[in-house]
Amino acid sequence: MSNTQFPVELRGAKSPTLLWAHEHEIEQAALQQLRNIAALEWVHKLAVMPDVHFGLGATVGSVIAMEQAISPSAVGVDIGCGVSAVRTSLTVSDLDDLHGLRLKIEEAIPVGFNGHDSAVNVRRLGLDRGWDNFWGSFRDLHSGVQKLEGRAQAQLGSLGGGNHFIEVCSDSEDRIWLTLHSGSRNIGKELAERHIQIAKKLPHNQDLPDRDLAVFFRDTPEMRAYRHDLEWAQEFALRSRAVMMGLFKEQVAKHFESKGVTFDEPINVHHNYVAEEEIDGRMMLVTRKGAIRAGGGELALIPGSMGTGSYVVRGLGNDLSMQSASHGAGRRLSRGAAKRAFAGDDDGASAIAEQLGNIESRRDSGILDELPGAYKDIHSVIDAQSDLVEVVEHLETLMCVKG
């Protein structure tokens with residue numbers, strides 16, 4: 001990709017829609033989704049990131065501004081999903097036994113559908129602010145999730161599955177970084193799905209081109225209930241990443257105890273969320289699904305797939321993209337297609353060895369749909385948005401924990 005070509009306008013869109021990708025690079029299903037979004041009468045404008053691909057309900061990599069409405073599907077079911085990164089005092093020369101470190105991390109931080117046996121002692125991690133109020137407000141969430149509080153408490157500080165990860169990386173100065181990617185786990189999904197179903201039943205959503213794009217209107221009880229639960233789930237995701245990073249740092253500090261490891265302040269970025277922002281001189285409800293805010297001077301993290309590292313970037317505050325950028329590389333192959341493509345005659349062992357090289361990681365067939373070949377090239381995705389962000393560092397993956 002060449003950044004001089006972007007943005008381009010989406011042909012046939014009823015609302016202004018700018019792409020940081022060529023139409024021929026986007027699958028037809030995603031293009032149709034984007035046109036369906038642009039056809040909503042409440043939409044002010046769209047910006048589409050270079051990692052764009054088809055998503056459940058609304059397109060991943062889409063930034064949508066509406067003045068009076070929100071579509072819950074334009075946020076997604078993993079509310080508050082995002083990334084966190086911390087630079088350490090370690091250097092590459094300090095590293096030893098990454099295999100042993102990975103096993104300790106996997107023991108400390110549950111992955112997949114798993115959660116902790118009991119709620120994490122957050123005070124031990126130095127995270128003791130506001131927890132009583134946070135959990136106390138659980139009773140105010142949608143009535144359908146009230147029986148899930150115990151599960152939510154156990155899953156806070158756990159990784160989940162899919163494209164979520166925990167990584168040890170190095171930068172251009174051989175400094176070691178800790179990065180992780182996770183969201184609001186099952187409780188975010190349960191809340192999102194309940195509100196999407198409520199929206200679909202509202203009278204004004206019955207004739208939409210795609211009822212998955214059903215909206216709530218500002219200043220209605222349904223919108224207020226959704227915003228309340230959404231903001232709680234966004235906070236859950238942020239707190240969960242903080243707990244995981246605390247557990248991650250704890251294991252790294254123990255593993256390298258003789259080095260006296262210190263840690264910089266974290267970079268934290270949501271990429272499935274809602275914000276109220278000024279767009280074209282008016283206050284808008286902005287949804288970013290698979291997209292990050294890239295305001296002028298703001299630091300952010302854009303991860304690739306397992307094995308391709310992550311980019312630390314600084315936002316350029318480009319108003320054409322509504323001060324947004326991509327959230328990652330974006331899928332090139334569906335999960336099923338990736339498994340079929342990489343399985344071969346050896347359950348994927350050859351593809352894993354070829355694509356992961358010397359990276360310390362689990363190497364079973366369960367990671368085939370997360371291999372680098374299932375994703376777009378992260379370096380090309382970054383190049384396509386050089387008018388949205390400037391690169392601060394490329395972090396090279398040395399160890400990866402997958403759900």
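Ring pair H394/Y311 is tilted by interplanar angle, where 30° to 60° counts as tilted. Between F236 and F134, the two ring planes are tilted [angle within 30° to 60°].
Aromatic rings from H271 and H181 are positioned such that their centres are separated by under 6.0 Å.
Checked by atom type and distance alone, the side chain of D51 pairs as donor or acceptor with a backbone atom of G328 at under 3.5 Å. In this structure, N318 contributes its side chain and D387 its backbone to a donor-acceptor pair below 3.5 Å. Checking side-chain atoms of R363 against main-chain N and O of A349 turns up no donor-acceptor pair under 3.5 Å.
For the pair R332 and Y375, the NZ or CZ position fails the cation-pi test of under 6.0 Å to the six-membered ring centre and within 45 degrees of the ring normal. Geometric assessment of R123 against the ring of W131 yields a negative cation-pi assignment under the 6.0 Å and 45° thresholds.
Within 6.0 Å of CZ in F113 there are 12 or fewer heavy atoms belonging to other residues, nucleotides or ligands. In this structure, E23 places its CD atom where more than 12 heavy-atom neighbours from other residues, nucleotides or ligands lie under 6.0 Å away. For N121, the CG atom counts as densely surrounded, since its 6.0 Å shell holds more than 12 non-hydrogen atoms of other residues, nucleotides or ligands. The environment of E276 atom CD is dense: over 12 non-hydrogen atoms of other residues, nucleotides or ligands sit within 6.0 angstrom. Applying the 6.0 Å contact sphere to NZ of K339 captures no more than 12 heavy atoms from other residues, nucleotides or ligands. For N358, the CG atom sits in a loose shell: 12 or fewer heavy atoms of surrounding residues, nucleotides or ligands are nearer than 6.0 Å. By the neighbour-count criterion of 12 heavy atoms within 6.0 Å, atom CG of L56 is sparsely surrounded, having that number or fewer from other residues, nucleotides or ligands. No more than 12 heavy atoms of other residues, nucleotides or ligands shown are found within 6.0 angstrom of CD on E354.
Expressed to the nearest 0.5 Å, how far CZ of F263 lies from CG of L90 amounts to 7.0 Å. We find the CE-CD1 distance between M49 and I292 to be 9.5 Å, quoted to the nearest 0.5 Å. Taken to the nearest 0.5 Å, the OG atom of S84 stands 9.0 Å off from the CE atom of M244. In this structure, CG in L247 is found 5.5 Å from NE2 in H116, a value given to the nearest 0.5 Å.
Salt-bridge formation is detected for the pair R331/E370: a Lys NZ or Arg NE/NH1/NH2 atom is positioned less than 4.0 Å from an Asp or Glu carboxylate oxygen. Salt bridge status for K376 with E27: absent, with no side-chain N to carboxylate O gap under 4.0 Å. The existence of a salt bridge linking R175 and E393 is excluded, since no basic side-chain nitrogen approaches an acidic carboxylate oxygen closer than 4.0 Å. Of the charged side-chain nitrogens involved, at least one lies within less than 4.0 Å of a carboxylate oxygen, so that K45 and D280 count as a salt-bridged pair.
For the residue pair H228 and D140, no side-chain donor N or O sits within less than 3.5 Å of a side-chain acceptor on the partner.
Annotation: side chain of I187 is not in contact with side chain of Q155 (no heavy-atom distance under 4.5 Å). L398 places a side-chain heavy atom less than 4.5 Å from the side chain of I176. Two residues are said to be in side-chain contact when any heavy atoms from C-beta on lie closer than 4.5 Å; L95 and F256 meet this criterion.
With Q323 as the fixed residue, the side-chain hydrogen bond (donor to acceptor under 3.5 Å, both in side chains) test singles out one of E298, R293, E277: R293.
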